[in-house]
J.: 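Before I ask anything, here is the structure I am working with.
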Amino acid sequence: MDSNVDNESSDSFGWDTEDEQEFMSPSGASPRCFGNGAVGCSDEASSSNGTLISHFVGMGFSRDMVCKAVNDNGEGDTDAILEALLTYSALENSPSEMERIAPGGEQFLSDLSSSESEGDFLDDFSDEDYLGSEDNDGNLSEMDETLKQLVRMGYPAAEATIAMERCGRDASIAELTDFLCAAQMAKASDAQLVELPRFGSNEGEVPVTNLQNVGIIFRGSILSSYFALQRRRNYFNGNPRKKKTFYADDYWERKRQKRRERCRDPDEEVDSTIFPNPMIGFGIPAEPWRRHLRTLPNEAIGPPYFYYENVALAPKGVWSRISSFLYEIQPEFVDSKYFSAAARKRGYIHNLPTSNRFPLLPIPPQTIQEALPMTEKWWPSWDSRTKLNCIQTSLASARLTDRLRKAVEDSNNDPPLTIQKYVTEQCRKWNLVWVGRNKLAPLEPDEIESLLGFPRNHTRGISRTERLRGLGNAFQVDTVSYHLSVLKEMFPSGMTVLSLFSGIGGAEVALHRLGIPLKAVVSVEISETNRNILRSWWMTTNQRGNLIEIDDVQKLDSDKLEQLINSFGGFDLVIGGSPCNNLTGSNRVSRNGLEGEHSSLFFEYFRILNQVKVIMANYS
DNA sequence: CCGATTATGAATCGGCCT
DNA sequence: AGGCCGATTCATAATCGG
């Protein structure tokens, strides 16, 4: 069991001595934010004091402010320094300094959609935004406490201050985080030039984040800078302790470093994701070869555990973006071809322990011919495939398979190389299998169910098209179960699960097949047919717990979450894969990236996870 | 309207070469 | 370093028939 994950659920968000040691350690990976902008005070050029100041400057505080805080509190007490800095920020917030100092900020701004007005980022922090903060002496300590809490949750001081101004003095933490999350979602919608997001649907509007406020945000283009702030937030979250290598052998870290060095401009942000080769994440059942030891940031440690999934081969920058919202945890990239007879390259971001995983039994067939025995008889020797490619949502047309049949038939038993190449190319592209002499066919839904680890007939009873869509969007159960297997001994009496974008219930099936009782499942799924499939499975498997179904993820606001957490005593696991429609390479029409119409729902996952954490923290 | 069928490339990666 | 090439990819939209 991972002691570093399981035992460190202490409440202290501050910097303990261990962190400080890591931070001071010269061998620690130096965070990017220690770059150009970090200028020390006049007299501490090479001392540890300089590093300390750089550290806080890298977090986004102005140099002057940091110097003052250090002078006032001494360099030994980092906690006191932080507290002082937060107080200063609340009083005389100087975001211009922060923006100037945070390296990569400009770079990131220029990365934003060009449709964004190029209005100066600093304009967003015009005077009136801060007027209110100058006359607050009476309840300073109270505000300070709130601000501190928000910063400890990872929000930058400047952003938290704005939220507090907008939401009012006595806004709760939940309301404030609502505001901050709403800003991100509005940003996502903004990038699409669609109408204002539907906040606070029918039941009980979300506090403060009403349309008027969102409109203000739009016009004030605060949102255009929001992601820059978000980035800065990551500097905060991502400082030394987190930049520690995630692998004991730091193989991938070195590889990243290598790529960074290859880059012409060393200051330029290298925004590429390195895939492990072979793509086996933290190991697979057959070969858990890499000893890995990762250290999660305190903010990422549960409860609840969380598990997020999406396609590995997303457009450039998407995964680093997703990571930046999920505590900078590096995705675990795994190809399900190491778990089944079909490939499925996916990235998983989670805060689960990674030791002592075990696979589902029985181990499913690992080759096409084993999984589909009837094909072996017709399989030509010149088709060398043993694994299928990724199962998608649509199949090859009958016209295509007919063309291929003719092409092979014409050349009788021994087609020329050109034909062989053409046919195998099409076979790989469309995942065709040999089902007769010279006869190719796409997979049947039954076969796909089996390949993905679902019980037989799991999706039976709905239209074939819907069935294929549901399956094509589903988890590979053996793969996910392997990752979730560590939960079994931790929750012998069962789990309460929040399942977002449940689809046909891959997460539920995975937990069930592991033998983990489902005490309660709150499932959010927009498709009615998918909900029917999951409910039907729930009944068929005689589940004894409660299944709560929610159709629209936006209905799951903080009030609803609070109510659910109240009645279930919190969630043990928040699991889900957000829509990949705008990320996957098979989309020829609208591969728009993370801001896409469907894929931007990732921010709902982020929002809900955060709100669950906040609410649960208040209850414990 | 529902369901089935069909045609529709580009982005990105790794590997190899010069 | 940089170019070429093979390989891969949780899809969308138009159309047709019932």
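Quick note on labels: first sequence line is chain A, next is B, and so on, each numbered from 1. Scope of the values below: all heavy atoms of this structure, side chains included, with no hydrogens, waters or symmetry mates.
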J.: Could you state the atom-to-atom distance from CG of A/N581 to C1' of B/dA11 in whole Å?
T.: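 These atoms are roughly 17 Å apart.
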
J.: Using the ring of each side chain (for Trp, its six-membered ring), is A/W434 parallel, tilted or perpendicular to A/W379, with breaks at 30° and 60°?
T.: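 Aromatic pair A/W434/A/W379 classed perpendicular.
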
J.: If you look at every strand shown and take non-hydrogen atoms under 4.0 Å, does A/R344 touch a base, only sugar-phosphate, or nothing?
T.: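 Touches a base.
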
J.: Give the rounded distance in Å between these two atoms: CG of A/L432 and P of C/dT8.
T.: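 Rounding to the nearest Å, CG of A/L432 and P of C/dT8 are 13 Å apart.
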
J.: Distance check needed: C/dT8 P versus A/N277 CG, whole Å only.
T.: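 The answer, rounded to whole Å, is 14 Å.
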
J.: Rounded off to whole Å, could you give me the CD1-to-P distance for the A/I274 and B/dG14 pair?
T.: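 The distance from CD1 of A/I274 to P of B/dG14 comes to 7 Å, rounded to the nearest Å.
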
J.: Is A/S599 touching bases, backbone alone, or none of the nucleic acid, heavy atoms closer than 4.0 Å?
T.: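 A/S599: no heavy atom of the nucleic acid under 4.0 Å.
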
J.: Considering heavy-atom distances to DNA chain C, does A/K421 or A/I391 have its closest nucleotide positioned more toward the 5' end?
T.: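 Residue closer to the 5' terminus by nearest nucleotide: A/K421.
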
J.: Does C/dC10 have OP1 or OP2 under 4.0 Å away from a side-chain N or O of A/R346?
T.: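 Looking at the OP1 and OP2 atoms of C/dC10, one of them is under 4.0 Å from a side-chain N or O of A/R346.
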
J.: Rounded to whole angstrom units, what separation is found between the CG atom of A/L395 and the P atom of C/dT12?
T.: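 That distance rounds to 15 Å.
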
J.: If the cut-off is 4.0 Å, is A/S397 near the phosphate of B/dA7, judged by side-chain N/O to OP1 or OP2?
T.: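 Looking at the OP1 and OP2 atoms of B/dA7, one of them is under 4.0 Å from a side-chain N or O of A/S397.
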
J.: Salt bridge between A/E528 and A/R535, side-chain N to carboxylate O under 4.0 Å?
T.: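 Salt bridge: no.
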
J.: Just the rounded figure in Å: distance from C1' of C/dC10 to CG of A/L451.
T.: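 Roughly 15 Å, once rounded to whole Å.
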
J.: Is there a Watson-Crick or G-U wobble partner for B/dG9 with both distances under 3.5 Å, and which nucleotide is it?
T.: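 Pair assignment: B/dG9 / none.
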
J.: Is any NZ, NE, NH1 or NH2 atom of the basic residue among A/D402 and A/R399 found under 4.0 Å from an Asp or Glu carboxylate oxygen of the other?
T.: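 Looking at A/R399 together with A/D402, the answer is no, because their closest N to O distance does not fall below 4.0 Å.
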
J.: Can you tell me how far C1' in B/dG9 sits from the matching atom in C/dG6, rounded to whole Å?
T.: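 16 Å, rounded to whole Å.
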
J.: Under 3.5 Å, is there any donor-acceptor pair linking the side chain of A/T584 to the base of C/dA11?
T.: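 Checked by distance alone, the answer is no.
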
J.: Between A/R607 and A/E604, does at least one N-O distance fall below 4.0 Å, as a salt bridge requires?
T.: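 Salt bridge between A/R607 and A/E604, a charged N being under 4.0 Å from a carboxylate O: yes.
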
J.: Would you indicate, yes or no, if B/dG3 has its OP1 or OP2 atom less than 4.0 angstrom from a side-chain nitrogen or oxygen of A/T465?
T.: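 Negative; the distance criterion is not met.
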
J.: May I have the distance from A/N582 (atom CG) to C/dT12 (atom P), rounded to whole angstrom?
T.: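 These atoms are roughly 8 Å apart.
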
J.: Within the pair A/K345 and C/dT9, is there a side-chain N or O less than 4.0 Å away from OP1 or OP2?
T.: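 The answer is yes; a side-chain N or O of A/K345 sits under 4.0 Å from OP1 or OP2.
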
J.: Look at all strands and tell whether A/C580 reaches a base, only sugar-phosphate, or nothing, counting heavy atoms closer than 4.0 Å.
T.: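 Base contact.
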
J.: Any side-chain N or O of A/R399 less than 4.0 Å from the OP1 or OP2 oxygen of B/dA7?
T.: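 It does, given that an N or O in the side chain of A/R399 lies less than 4.0 Å from OP1 or OP2 of B/dA7.
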
J.: Does A/R467 make a side-chain N or O approach to OP1 or OP2 of B/dG3 shorter than 4.0 Å?
T.: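 No, outside the criterion.
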
J.: For A/A314 and A/V589, find the nucleotide of DNA chain B closest to each by heavy atoms; which residue's nucleotide sits nearer the 5' end?
T.: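 Going by which nucleotide is closer to the 5' end, it is A/V589.
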
J.: Applying the ring pair (Phe, Tyr, Trp, His ring centres under 6.0 Å) criterion to A/H512, which one of A/W537, A/F454, A/W538 satisfies it?
T.: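 Looking at A/W537, A/F454, A/W538, the match for A/H512 under the ring pair (Phe, Tyr, Trp, His ring centres under 6.0 Å) is A/W537.
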
J.: Taking A/R460 first and then A/E449, would you say they form a salt bridge - that is, a charged N and a carboxylate O separated by under 4.0 Å?
T.: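 Salt bridge absent between A/R460 and A/E449.
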
J.: May I ask which nucleotide in the shown strands pairs with C/dC10, Watson-Crick or G-U wobble, both distances under 3.5 Å?
T.: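 C/dC10 is unpaired by these criteria.
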
J.: OP1 or OP2 of C/dC10 versus the side-chain N and O atoms of A/N587: is any pair under 4.0 Å?
T.: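 A/N587 to C/dC10 OP1/OP2: no side-chain N or O under 4.0 Å.
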
J.: Does B/dA4 have its OP1 or OP2 closer than 4.0 Å to a side-chain nitrogen or oxygen of A/S463?
T.: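 Yes, within the criterion.
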
J.: Rounding to an integer number of Å, can you tell me how far A/R588 CZ sits from B/dT12 P?
T.: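 Interatomic distance, CZ of A/R588 to P of B/dT12: 16 Å.
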
J.: For atom C1', what is the distance between C/dT9 and B/dT8, given to the nearest Å?
T.: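 Straight-line distance between the two C1' atoms is 15 Å.
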
J.: Answer whether the closest heavy-atom distance between the side chains of A/L573 and A/L511 falls below 4.5 Å.
T.: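 Yes, their side chains come closer than 4.5 Å.
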
J.: What nucleic acid atoms does A/E309 come within less than 4.0 Å of, heavy atoms only: base, sugar-phosphate, or nothing?
T.: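 The answer is base, as A/E309 lies within the cut-off (heavy atoms under 4.0 Å) of a base atom.
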
